[in-house]
Q: 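Below: one structure in structure tokens.
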There are 2 protein chains.
Amino acid sequence: MRVRPRVLVVDDEPGVRRALQRGLTAEGMDVVVAADGPSALQVARTGSFDAILLDIMLPGLSGYRVLQALRAEGVRTPVLLVSAKDGEIDQADGLDLGADGYLVKPFSFVVLVAQVRALLRRGAVEGTGQRLRLGDLVVDRAARQVSMAGEPVSLSPREFAVLDVLASRAGSVVTKDELLRAVWGDEQAATRNAVEVYVGYLRRKLDAVGAGSIVRTVRGHGYLASTGEIDAVMGS
Amino acid sequence: MRVRPRVLVVDDEPGVRRALQRGLTAEGMDVVVAADGPSALQVARTGSFDAILLDIMLPGLSGYRVLQALRAEGVRTPVLLVSAKDGEIDQADGLDLGADGYLVKPFSFVVLVAQVRALLRRGAVEGTGQRLRLGDLVVDRAARQVSMAGEPVSLSPREFAVLDVLASRAGSVVTKDELLRAVWGDEQAATRNAVEVYVGYLRRKLDAVGAGSIVRTVRGHGYLASTGEIDAVMGS
DNA sequence: GGGATTTCTGAGCTTTCTCTCAGCTCCTCA
DNA sequence: TGAGGAGCTGAGAGAAAGCTCAGAAATCCC
């Protein structure tokens, strides 16, 4: 798992959202929020999270449906269902759908954090997400292969590593220094220009298969990987 | 997974054992019971179960120890720890030891079944069988034989071991170092070049029967066994 | 004992990758 | 409008990764 685990919080109440975001951030996590089912699904299907906190009562698409859709797509990110209802039928249903835990409102923040940490630990044991998705672009971390709409894209190890980092933080800007650290290691064996060069290589190869707009430059800040549609949703 | 999943129930209380056996059997599972740590270990290490329900408080050998011993022996059967203690420290310990879930007594039977089903689902994805298939290529681990579309392929022990490791992790890249460790043992009796040589041998023999494309090189990462088609798209 | 098989290393070779340099464009801001 | 910084890119040296061959040692099996 990365240094700061990435957690997606899905809840329709702005107050809860803000409280959880603040609390979990203070616990050392990178928190991204979503307010309704469809946008949660869209963000979560990138597979770039270490855990998802999913409210069941959601506008647009219930938490159950979101979970079901994610699992159907092969997204295995650990999910903690949150509900106001306290019934064991619901609990069983949720677990049957592939949830990894269940929390009943009202819950104490301490318990929540403990549960999230347990989820993160489990994720760490299994090895983080097997597959990252950015629109039609799929980054298969296990096979170390990338494909665009089914068409394989051949990348060198360094190129893959750069894309992997960008994709695993989809929707967030990654600075060149962060990339240097993540890809080249702490000893700073390369200059920032190397990052620019590799992003260039990457773009050329992605361009060739019609995925050119996936990695964007945010002048003065770094690079941003996204599907091009969802950035409005992402917090943090 | 086989038609009727095989579940091992380990608990020292005869009442609990009987109840679980009856209940899970009614749910369509084949249930085997064990009453203490040593016998649980003995039965479980055959690797012939799809899931294990493991009580922590056991005579002879605690559930923790059993789990630890199993994982140390390379048995990956999903394990659901059952405990009367409700402490997050214990929970963390269990998950760190390689447990796949945790249940605190008293639990409702419905929740238990849901958890077991979740385990079975996860196990089903990973596949445990004695016979591995990669397209038309069949690796029979018990008989230590390989055949391509019915036609036997004669491999030396080392060649078989290499193919076995690659096939058992089909779809994931296996590094040369991992192969060295898995096939040659921890003492690093051979160099990486030996791996390259053996993959070469393997490819030559597989090529001769039309299975040449099964073992692919992923430059900079290692080797990847796959069915040959581009399976990069969807999971599930 | 001796032929066949298997294991493993070292060297040579090709292919591919990595990363720096230098020049260039583009944006920002005064 | 033009100076300065940020970012992009082509070229190319050097290194690394991977494959193969030949052959030495060990082992197996009549």
Side-chain angles (χ1 to χ4, degrees), chain A residues 143-146 152-166 173-208 211-225, chain B residues 144-146 152-166 173-208 211-226:
Chain A
R144 306 221 166 244
Q145 286 183 333
V146 175
V153 184
S154 139
L155 299 182
S156 83
R158 272 283 194 273
E159 291 161 2
F160 182 90
V162 170
L163 178 60
D164 185 34
V165 171
L166 290 174
V173 171
V174 182
T175 69
K176 289 176 193 174
D177 283 330
E178 285 172 327
L179 274 168
L180 262 184
R181 228 170 300 127
V183 173
W184 277 265
D186 283 328
E187 314 98 39
Q188 306 283 15
T191 68
R192 268 179 224 179
N193 181 236
V195 177
E196 292 160 4
V197 172
Y198 272 87
V199 169
Y201 293 161
L202 210 45
R203 283 213 257 243
R204 200 177 311 171
K205 289 190 177 179
L206 293 179
D207 248 340
S213 62
I214 286 200
V215 177
R216 274 185 294 162
T217 301
V218 182
R219 196 163 223 275
H221 297 287
Y223 298 98
L224 171 68
Chain B
R144 303 194 77 76
Q145 281 182 339
V146 176
V153 184
S154 136
L155 298 181
S156 82
R158 273 284 195 269
E159 290 162 2
F160 180 89
V162 170
L163 178 59
D164 184 33
V165 172
L166 289 174
V173 167
V174 182
T175 69
K176 289 175 195 175
D177 284 329
E178 286 171 327
L179 274 168
L180 261 184
R181 230 171 297 130
V183 174
W184 278 264
D186 281 329
E187 315 98 40
Q188 306 284 16
T191 68
R192 271 181 221 178
N193 183 236
V195 178
E196 291 160 6
V197 171
Y198 272 86
V199 169
Y201 293 162
L202 210 45
R203 283 214 257 244
R204 204 176 308 171
K205 290 191 176 178
L206 293 179
D207 247 341
S213 62
I214 285 199
V215 177
R216 271 187 292 165
T217 300
V218 183
R219 198 166 220 273
H221 297 290
Y223 297 98
L224 173 68
S226 74

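Here is the naming used below: chain letters follow the sequence lines, and residue numbers restart at 1 for every chain.
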Q: Give the rounded distance in Å between these two atoms: NE2 of B:H221 and P of C:dT16.
A: 16 Å
Q: If you look at every heavy atom in A:L166 and A:A225, which pair is closest and at what distance?
A: O-CB, 3.6 Å
Q: What is the distance from atom CG of A:L202 to atom CG of A:D207, rounded to the nearest 0.5 Å?
A: 10.5 Å
Q: On a heavy-atom basis, which atom in B:R203 and which in B:V215 lie closest, and how many Å separate them?
A: NH1-O, 2.7 Å
Q: Would you call B:Y223 and B:V173 a side-chain contact if the rule is heavy atoms closer than 4.5 Å?
A: no
Q: A:F160 CZ to C:dT16 C1': how many Å, rounded?
A: 18 Å
Q: Does a side-chain N or O of A:K176 approach OP1 or OP2 of D:dG7 to a distance below 4.0 Å, or not?
A: yes
Q: What is the distance, to the nearest angstrom, from the CZ atom on B:R192 to the P atom on C:dT7?
A: 21 Å
Q: Going by number, which of residues 193-203 of chain B have a non-hydrogen atom under 4.0 Å from DNA chain C?
A: B:N193, B:A194, B:V197, B:Y198, B:Y201
Q: Going from CG on B:L179 to CD on B:E196, what distance comes out if it is rounded to the nearest 0.5 angstrom?
A: 11.0 Å
Q: Hey, does the side chain of B:W184 come within less than 4.0 Å of C:dT7's phosphate (OP1/OP2), counting only N and O?
A: no
Q: Please confirm whether the shortest side-chain N or O distance from A:R204 to OP1 or OP2 of D:dC8 is below 4.0 Å.
A: no
Q: I'd like to check B:S226 versus B:R216 (side-chain heavy atoms, cut-off strictly below 4.5 Å). Are they in contact?
A: yes
Q: If an axis is fit to five pairs at each end of the helix from C:dG1-D:dC30 to C:dA30-D:dT1, what is the angle between the two, to the nearest 10°?
A: 30°
Q: Using a cut-off of strictly less than 4.0 Å, decide whether B:T191 has a side-chain nitrogen or oxygen near OP1 or OP2 of C:dT9.
A: yes
Q: Quick check on DNA chain C: between B:L155 and A:R158, whose nearest nucleotide comes earlier from the 5' end?
A: B:L155
Q: Compare all side-chain heavy atoms of A:Y201 with those of A:V197 and state whether any distance is below 4.5 angstrom.
A: yes
Q: Pairs under 3.5 angstrom only: tabulate donor-acceptor contacts from the side chains of residues 154-164 of chain A to other protein residues two or more places apart or in another chain.
A:
residue	atom	partner	partner atom	Å
A:S156	OG	A:E159	N	3.3
A:E159	OE1	A:S156	N	2.8
A:E159	OE1	A:K205	NZ	2.8
A:D164	OD1	A:R141	NE	2.9
A:D164	OD1	A:R141	NH2	3.1
A:D164	OD2	A:R141	NH2	3.3

Q: Take the protein atom CZ of B:R216 and the nucleotide atom P of D:dG18, then report the distance between them rounded to whole Å.
A: 15 Å
Q: What is the separation between atom CD on A:E159 and atom C1' on D:dA16, rounded to the nearest whole Å?
A: 15 Å
Q: Is there a side-chain polar atom (N or O) of A:Y223 under 4.0 Å from OP1 or OP2 of D:dC8?
A: yes
Q: Any N or O donor-acceptor pair linking the side chain of A:R219 to the base of C:dT28 at under 3.5 Å?
A: no
Q: Quick one: NE2 on B:H221 to OG1 on B:T175, what's the gap to the nearest 0.5 Å?
A: 11.0 Å
Q: Closer than 4.0 Å, any side-chain N/O of B:T217 to the OP1 or OP2 of D:dC19?
A: yes
